[in-house]
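Reading through the structure tokens given below for one structure.
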Amino acid sequence: MRKISFFSLAVLLLLGNGLFAQSTSPLKIDKKVPVTGNENFDILFTRSVMISNLDSARFDATRSGGYSLGIGYGVPLGKSLLLKFEPRVTWFKLYFTGNQEQKWYPSTDTSASLIYEKQRASYLEVPVSFKFKLARNLVDRYKILLEAGFVFGHRLASTNKTRHYASLDTLGNLKGPKVTIKTNSIQNLSQYRFGPFVRFGTNWLSVYGFYRMSDLFRADRNFTESSGSLRKYPSFPKLEVGITIAL
């Protein structure tokens, strides 16, 4: 009899805990929870890298890619959907390691003293997207988001930087101080940067993907070497992936 009573008491405790857990579980999206003000406004930082590589010139994927800082504002279209605008500035960098044989991009510099070559372009971008809030918690804050839209950007400025060793010794070894040369306004860069993008994650950290429909360089992508020979710029990888942090 004691065993039966003890078992019954245990079942009642478990049921009580279950009912209590249900009362504190996250609210479903079909609940009529109002959209709070801080859901409509975000400060966002995005870091992305290009997927794949180039045959003509190896670039360091970890040092290359985009850095974006913007402000997002959403117009509610219902309890789970926002029309979002995110004006931002993007700095896109290409970092090339030195001393590459048959290197012709971004310049024809193949000297043994070359340490690296770095190109950077800045863009003013205006992403427009639809943002879906997929779940909420008890403090009326969405937990999971899905965002999809289109980015259109215009180039603001660009710079090219190279770093060399000052000289070589009689055995061909690099020596001396490092010399950095910086020039503004990279020639033949495209004026525009645009394409679709998606985000998926939480309200503060999400995975970011962008497919660049524009080329980094103008449509013809041709340039003339100092020797007079004509070359053509390569097509860079279109897909960029990264993360977005929202505050």
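Treat the numbers as computed from the prediction; the structure is a model and nothing was measured.
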- Message: For a 4.5 angstrom cut-off between non-hydrogen side-chain atoms, does Phe200 reach Ile144?
- Response: yes

- Task: Rounded to the nearest 0.5 Å, what's the gap from OG on Ser129 to CG on Leu82? Could you check?
- Result: 9.0 Å

- Side-chain H-bond candidate by donor/acceptor type, Arg199 with Tyr208, under 3.5 Å: no

- Query: So how far is it from Asn160 CG to Thr183 OG1, rounded to the nearest 0.5 Å?
  - Reply: 4.5 Å

- Verdict with supporting geometry, Thr180 and Thr162, side-chain contact (heavy atoms from CB on, under 4.5 Å): CA-CA 6 Å; Thr180 300; Thr162 58; over 6 Å; no

- Begin from the C-alpha positions of Thr46 and Thr244 and carry the test side-chain hydrogen bond (donor to acceptor under 3.5 Å, both in side chains) through to its verdict. CA-CA 4 Å; Thr46 299; Thr244 296; 2.8 Å; yes

- Side chains of Phe150 and Pro127: closer than 4.5 Å at any heavy-atom pair? no

- Task: Provide the closest heavy-atom pair for Phe210 versus Gly195 in the form atom of the first, atom of the second, distance.
- Result: CE1-O, 3.4 Å

- Salt-bridge contact Asp42-Lys131 (side-chain N to carboxylate O under 4.0 Å): yes

- Message: For a quick test of reading the model, state the closest non-hydrogen atom pair linking Ser158 to Ile186 and the distance between them.
- Response: OG-N, 2.8 Å

- Give the ring-plane orientation class for Phe45 versus Tyr67, where under 30° counts as parallel, over 60° as perpendicular and anything between as tilted. tilted

- Task: Under the side-chain hydrogen bond (donor to acceptor under 3.5 Å, both in side chains) rule, collect the residues that match up with Ser68, sequence neighbours excluded.
- Result: Thr90

- Query: Between CD1 of Ile71 and CG of Leu247, what distance do you get to the nearest 0.5 Å?
  - Reply: 11.5 Å

- So, Ser206 side chain and Thr202 main chain: donor-acceptor pair closer than 3.5 Å or not? no

- Message: Assess the residue pair Tyr192 and His154 against the criterion (ring-ring contact (aromatic ring centres under 6.0 Å, His included)); give the C-alpha distance rounded to whole Å, side-chain angles, the decisive distance to 0.1 Å, and a yes or no.
- Response: CA-CA 5 Å; Tyr192 304 105; His154 187 276; 5.3 Å; yes

- Item | Leu239 side chain near Met50 side chain, heavy-atom distance below 4.5 Å | no

- If you measure from CD1 on Ile43 to CG on Leu69, what distance do you get to the nearest 0.5 Å? 8.0 Å

- Heavy-atom nearest pair, Leu94 first then Phe92, reads CD2-CE2, 3.9 Å

- Task: Looking only at non-hydrogen atoms, find the nearest pair between Arg88 and Gly70 and report the distance.
- Result: CB-CA, 3.4 Å

- Distance-only polar pair, side chains of Thr159 and Arg120, donor-acceptor under 3.5 Å: no

- Item | Heavy-atom check, side chain of Phe152 versus side chain of Phe194, under 4.5 Å | yes

- Message: I'd like to know whether Glu86 forms a side-chain contact (heavy atoms from CB on, under 4.5 Å) with Val128, so could you lay out the CA-CA distance, the side-chain angles of the two residues, the decisive distance to 0.1 Å, and finally the verdict.
- Response: CA-CA 7 Å; Glu86 186 190 328; Val128 179; over 6 Å; no

- Task: Could you tell me which residues satisfy side-chain hydrogen bond (donor to acceptor under 3.5 Å, both in side chains) with Lys118, sequence neighbours excluded, listed by chain and number?
- Result: none

- Does Phe132 share a hydrophobic cluster with Val75, counting links as ILVMFWY side-chain heavy atoms below 4.5 Å and allowing steps through other members? yes

- Run the salt-bridge test on Arg193 and Asp215 with the 4.0 Å N-O cut-off and return the result as yes or no. no

- Message: What I'd like to find out is whether the side chain of Leu189 reaches to under 4.5 Å of the side chain of Arg155, using heavy atoms alone.
- Response: yes

- Message: Count I, L, V, M, F, W, Y as connected when their side-chain heavy atoms are under 4.5 Å apart, and connections chain through other members. Are Leu146 and Leu83 then in the same cluster?
- Response: yes

- Side-chain contact, heavy-atom cut-off 4.5 Å: Phe130 with Leu81? yes

- Query: Can you tell me how far CD1 of Ile245 sits from CG of Leu44, rounded to the nearest 0.5 angstrom?
  - Reply: 10.0 Å

- Message: Is the distance between the ring centroids of Tyr116 and Tyr95 under 6.0 Å?
- Response: yes

- Salt-bridged, Arg63 to Glu117, with N to O below 4.0 Å? no

- Message: If the threshold is 4.0 Å, N to carboxylate O, is there a salt bridge linking Lys84 and Glu147?
- Response: yes

- Task: Decide yes or no for Tyr165 and Ile115: does some side-chain heavy atom of the first lie under 4.5 Å from some side-chain heavy atom of the second?
- Result: yes

- Item | For Ser48 against Glu240, the heavy-atom pair lying closest together | OG-OE1, 3.3 Å

- Do the non-hydrogen side-chain atoms of Pro237 and Arg212 ever get within less than 4.5 Å of each other? no

- Message: Assigning hydrophobic clusters by single linkage (Ile, Leu, Val, Met, Phe, Trp, Tyr; side-chain heavy-atom cutoff under 4.5 Å), is Leu216 placed with Phe96?
- Response: yes

